**Student:** 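I have a structure here, written as structure tokens, and I will follow up with some questions on it.
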Amino acid sequence: FYWHCVQQHARFIERFGLKELLRAKLTECGWRDQLKAHCKDVIKEKGLEHVTVEDLVVEITPKGRVLVPDSVKKELLQRIRAFLAQHAT
Amino acid sequence: MKMEDMSLSGLDNTKLEALAQDIYSDLVEDACLGLCFEVHRAVKQGYFFLDDTDQESMKDFEIVDQPGVDIFGQVYNQWKNKECVCPNCNRSIAASRFAPHLEKCLGMGRNSSRIANRRIASSNNMNNKSESDQEDNDDVNDNDWSYGSEKKAKKRKSDKVFLHSLKQHIPLNPNSPRRSKSVKHKNALLGPKPCCRSGSSMRAVER
């Protein structure tokens, strides 16, 4: 039931533009450029011709999660909580 | 999916918070994946390292902003006065006069059809239904081949009224305006093939 809620909310999130909001904020704060630079390292290491999506995902995602600035994280969590509170009744 | 399907009231605060955290990490992961896909595509399509071009190459292709020259640094006036050979009549024509010349030469422009229609109208007036004296018409028609005739054509714009009543069109063959065929088919439309290209000039005339 719990996970069902999460899934349902995922769809609502799209409609309420939380995805877009996060992406905009991450680009604004330089997170994207930081990670892109990291991507370049991975590509140079694995070779331009041979690099796969998996290579990138494995290398980038953990770092990406860590690199999110606290301010962005806080704001997003706030919005999510508010959203949930709205629909909790 | 309706709101009624989700009963969040059943969840207490800690669970709500956990839910919020999960949603958040979902969103972050989505952003990361998005970036990975974008980068991967850029790599495979070959545009990933585009902004890493060295300064020297960048200078080679810098946008040019000088007068008399386009943004690539090429002079754009140089073709103005060159001469072209008309594929139809094999005359050497100046580049800036080439397009109007082709119009007349191929009998395709609005003016050429007007001139031809006018000629037919006047030749119809002269010899009502007879098809004789074609050579006389030909002498009159010789004017078409020089630019001097354009002045005559402009003066006679009042003759436009004539043209409205004519359903005539000009076949593509440049010789045909002088031929008897155009008089024979005075008020009949020819078959689809010749019609197609001059159709637009016909419409302009009928306006």
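Within every chain, numbering begins at 1; the chains are lettered A, B, ... in the order of the sequence lines, protein sequences first and strands thereafter. Note that this is a predicted model, so its numbers are computed, not measured.
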**Student:** Can you tell me how far the NZ atom of A/Lys36 sits from the CG atom of B/Leu35, to the nearest 0.5 Å?
**Tutor:**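 Output value for this atom pair is 7.5 Å.
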**Student:** Report the C-alpha distance between A/Leu35 and B/Val39 in whole Å, list the side-chain angles of each, state the deciding distance to 0.1 Å, and finish with yes or no for side chain to side chain contact (heavy atoms under 4.5 Å, CB included).
**Tutor:** CA-CA 10 Å; A/Leu35 274 188; B/Val39 167; over 6 Å; no
**Student:** Need one label for A/His50: side chain, backbone, both or neither, based on atoms under 4.5 Å from any heavy atom in chain B.
**Tutor:**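 Only the backbone of A/His50 comes within 4.5 Å of chain B.
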**Student:** For B/Cys36 and A/Ile60, work out which heavy atoms get closest and say how close.
**Tutor:**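 Closest approach of B/Cys36 to A/Ile60: SG-CB, 3.8 Å.
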**Student:** Search all heavy atoms of A/Gly64 against all heavy atoms of B/Cys32 and return the closest pair with its distance.
**Tutor:**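 Answer, listing the atom of A/Gly64 first, then B/Cys32: CA-SG, 3.9 Å.
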**Student:** Most heavy-atom pairs under 4.5 angstrom with chain A, which of B/Glu17, B/Glu29, B/Gln21, B/His40?
**Tutor:**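 Looking at each of B/Glu17, B/Glu29, B/Gln21, B/His40 in turn, B/His40 comes out on top.
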**Student:** Which bit of B/Ala42 is near chain A, if near means a heavy-atom gap under 4.5 Å: side chain, backbone, both or neither?
**Tutor:**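 B/Ala42 has no heavy atom closer than 4.5 Å to chain A.
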**Student:** Less than 4.5 Å apart, side chain to side chain, heavy atoms only: is that true for B/Leu27 and A/Ile80?
**Tutor:**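 B/Leu27 vs A/Ile80: side chains touch.
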**Student:** To the nearest 0.5 Å, what is the distance between CG on B/Asp26 and NZ on A/Lys19?
**Tutor:**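 One finds 9.0 Å between CG of B/Asp26 and NZ of A/Lys19.
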**Student:** Mark yes when over 12 heavy atoms from residues, nucleotides or ligands other than A/Glu75 sit less than 6.0 Å from its CD; otherwise mark no.
**Tutor:**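 Yes, enclosed.
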**Student:** Pick one of side chain, backbone, both or neither for B/Asp22, based on which atoms fall under 4.5 Å of a heavy atom in chain A.
**Tutor:**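 The answer is the side chain of B/Asp22.
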**Student:** Which answer fits A/Arg23, side chain, backbone, both or neither, if we ask what part of it has an atom under 4.5 Å from a heavy atom of chain B?
**Tutor:**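 Only the side chain of A/Arg23 comes within 4.5 Å of chain B.
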**Student:** Is atom CZ of B/Arg41 surrounded by more than 12 heavy atoms (other residues, nucleotides or ligands) closer than 6.0 Å?
**Tutor:**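 Atom CZ in B/Arg41 is not crowded, with 12 or fewer foreign heavy atoms closer than 6.0 Å.
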**Student:** With only heavy atoms counted, which part of A/Lys40 is less than 4.5 Å from chain B, the side chain, the backbone, both or neither?
**Tutor:**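 When you check distances to chain B, atoms from both the backbone and side chain of A/Lys40 fall under 4.5 Å.
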**Student:** Ignoring hydrogens, what is the shortest heavy-atom contact between B/Phe49 and A/Leu48? Give both atom names and the distance.
**Tutor:**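 Heavy-atom minimum between the residues: CE1-CD1, 3.5 Å.
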**Student:** So, does B/Lys44 use its side chain to make a donor-acceptor pair with the main chain of A/Val51 at under 3.5 Å?
**Tutor:**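 It does hold such a pair.
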**Student:** Is B/Tyr24 close to chain A through its backbone or its side chain, or both, or neither, when contacts mean heavy atoms under 4.5 Å?
**Tutor:**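 It is both, since atoms from each part get that close.
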**Student:** Under a 4.5 Å heavy-atom cut-off, does chain B meet the side chain of A/Glu49, its backbone, both or neither?
**Tutor:**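 Answer is backbone: N, CA, C or O of A/Glu49 sit under 4.5 Å from chain B.
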**Student:** Non-hydrogen atoms of chain B under 4.5 Å away: do they reach the side chain of A/Val53, the backbone, both or neither?
**Tutor:**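 It is both, since atoms from each part get that close.
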**Student:** Quick one: closest heavy-atom pair of A/Leu77 and B/Ala20, and the distance?
**Tutor:**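 Here A/Leu77 and B/Ala20 meet closest at CD2-O, 3.8 Å.
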**Student:** Can you see which heavy atom on B/Val28 is nearest to which on A/Leu22, and at what distance?
**Tutor:**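 Of all heavy-atom pairs spanning B/Val28 and A/Leu22, the closest is N-CD2, 3.7 Å.
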